[in-house]
J.: 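My questions will all concern the structure given below.
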Amino acid sequence: MAIAVISGVVCWFWLASGRANPVRSTAPNVSDLTEVEEREIAGALTTMSLSNAGLAQFREGKDGGCRRPLAWVSLVSAPGEPPSHVRLISGTYYSPIFEVSATPVRVALPFPAPYETGHGALTAIDVGASAIISLLPAWRVSAQDGKTTREVSWRPVKSCGPRNG
């Protein structure tokens with residue numbers, strides 16, 4: 001009886017978390033990206049290497065419309081690994097080179113494909129040692145990889161609509 005109750009509670013939390021999505025496949029080499037929330041935009045933009053005009057599209061949309069959404073990832077050294085450096089490619093965007101150590105660093109990226117598609121690919125380059133990129137599930141890249149790509153997905157949410165006038 002206790003096992004049934006515990007299983008039910010675990011399943012309820014799993015379903016409530018939104019991780020269960022029968023439409024999207026759970027392929028083993030696909031990880032989920034997390035979207036930057038509205039209140040986190042200002043901090044997220046400080047991790048990006050774009051001109052002020054380039055950053056503006058993520059602050060607010062054209063003519064007061066929707067802003068372009070951003071994704072978060074965290075970078076951390078694999079356990080026992082020395083500090084290293086990593087650069088991420090998301091679509092046509094090349095991130096700055098980040099120092100990766102035992103202390104996680106959170107960085108923002110544009111989604112690697114049109115947001116509405118819900119899937120794309122991230123590429124990690126310039127890895128000097130093994131690092132972990134926080135996705136769900138986590139993506140471990142090693143120094144031997146040099147340049148490696150991971151399929152990613154996200155759940156598009158229409159959070160911006162026409163303004164009431």
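Keep in mind that this is a model prediction, so the values were computed, not measured. All residue numbers in this chain count up from 1 along the given sequence.
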J.: With hydrophobic residues grouped by side-chain heavy-atom distances under 4.5 Å, do Met48 and Val36 end up in a single group?
T.: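 Per the 4.5 Å side-chain linkage, Met48 and Val36 are co-clustered.
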J.: How long is the span from the OH atom in Tyr115 to the CZ atom in Arg155, to the nearest 0.5 Å?
T.: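 Tyr115 atom OH to Arg155 atom CZ measures 10.5 Å (nearest 0.5 Å).
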J.: List the steps, then state whether side chain to side chain contact (heavy atoms under 4.5 Å, CB included) holds for Ser95 with Leu109.
T.: CA-CA 7 Å; Ser95 78; Leu109 303 164; 4.2 Å; yes
J.: Is the side chain of Tyr93 donor-acceptor paired with the backbone N or O of Ser49 at a distance under 3.5 Å, no angle test?
T.: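 Such a contact is found between Tyr93 side chain and Ser49 backbone.
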J.: State the CG-OG1 distance between Leu136 and Thr34, to the nearest 0.5 angstrom.
T.: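 So the CG of Leu136 and the OG1 of Thr34 are separated by 7.5 Å.
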J.: Search all heavy atoms of Ala138 against all heavy atoms of Arg150 and return the closest pair with its distance.
T.: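 Of all heavy-atom pairs spanning Ala138 and Arg150, the closest is O-NH2, 4.4 Å.
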J.: For Arg67 and Glu37, which heavy atoms make the closest approach, and how far apart are they?
T.: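 Taking Arg67 first and Glu37 second, the nearest heavy atoms are NH2-C, 4.4 Å.
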J.: The criterion is side chain to side chain contact (heavy atoms under 4.5 Å, CB included); which residues satisfy it with Ala113, sequence neighbours excluded?
T.: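 Checked Ala113 against side chain to side chain contact (heavy atoms under 4.5 Å, CB included); matches are Thr117, Trp154.
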J.: Going by the rule side-chain hydrogen bond (donor to acceptor under 3.5 Å, both in side chains), which residues pair with Thr123 if we only count those two or more places apart in sequence or in a different chain?
T.: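 Partners of Thr123 under the side-chain hydrogen bond (donor to acceptor under 3.5 Å, both in side chains) test: Thr149.
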J.: Could you state the interatomic distance from CH2 (Trp139) to CD1 (Ile132), rounded to the nearest 0.5 Å?
T.: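 One finds 12.5 Å between CH2 of Trp139 and CD1 of Ile132.
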J.: Please list all pairs passing the side-chain hydrogen bond (donor to acceptor under 3.5 Å, both in side chains) test where one or both residues lie in residues 70-83, with sequence neighbours left out.
T.: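 Found Glu40-Trp72.
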J.: Is the side chain of Thr148 donor-acceptor paired with the backbone N or O of Ala124 at a distance under 3.5 Å, no angle test?
T.: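 Between the backbone of Ala124 and the side chain of Thr148 there is no qualifying donor-acceptor contact (under 3.5 Å).
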J.: Do Ile89 and Ile125 have side chains that get closer than 4.5 Å, going by heavy atoms?
T.: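 They are in side-chain contact.
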J.: Report the distance from atom CG of Leu135 to atom OG of Ser31, rounding to the nearest 0.5 Å.
T.: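 Reported to 0.5 Å precision, the distance equals 4.5 Å.
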J.: Write down the atom of Ser90, the atom of Phe111, and the distance for their closest heavy-atom approach.
T.: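 Heavy atoms of Ser90 and Phe111 come nearest at OG-C, 3.6 Å.
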J.: Measure the spacing between NE2 of His119 and CD of Glu151 and express it to the nearest 0.5 Å.
T.: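 So the NE2 of His119 and the CD of Glu151 are separated by 8.5 Å.
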J.: Quick one: pull up CG in Leu70 and CD in Glu35 and give me the separation to the nearest 0.5 Å.
T.: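 One finds 8.0 Å between CG of Leu70 and CD of Glu35.
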J.: Return the set of residues passing side chain to side chain contact (heavy atoms under 4.5 Å, CB included) with Val107 (not counting sequence neighbours), or none when no residue passes.
T.: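 Per chain and number, Val107 pairs via side chain to side chain contact (heavy atoms under 4.5 Å, CB included) with Thr47, Val73, Leu75, Leu88, Phe98, Val105.
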J.: Would you please name every residue forming a side-chain hydrogen bond (donor to acceptor under 3.5 Å, both in side chains) with Glu99, sequence neighbours left out?
T.: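 Per chain and number, Glu99 pairs via side-chain hydrogen bond (donor to acceptor under 3.5 Å, both in side chains) with no residue.
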J.: Please identify each residue that fulfils side chain to side chain contact (heavy atoms under 4.5 Å, CB included) with Ile97, with sequence neighbours left out.
T.: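 Scan of Ile97 (side chain to side chain contact (heavy atoms under 4.5 Å, CB included), adjacent residues dropped) gives His85, Arg87, Asp126.
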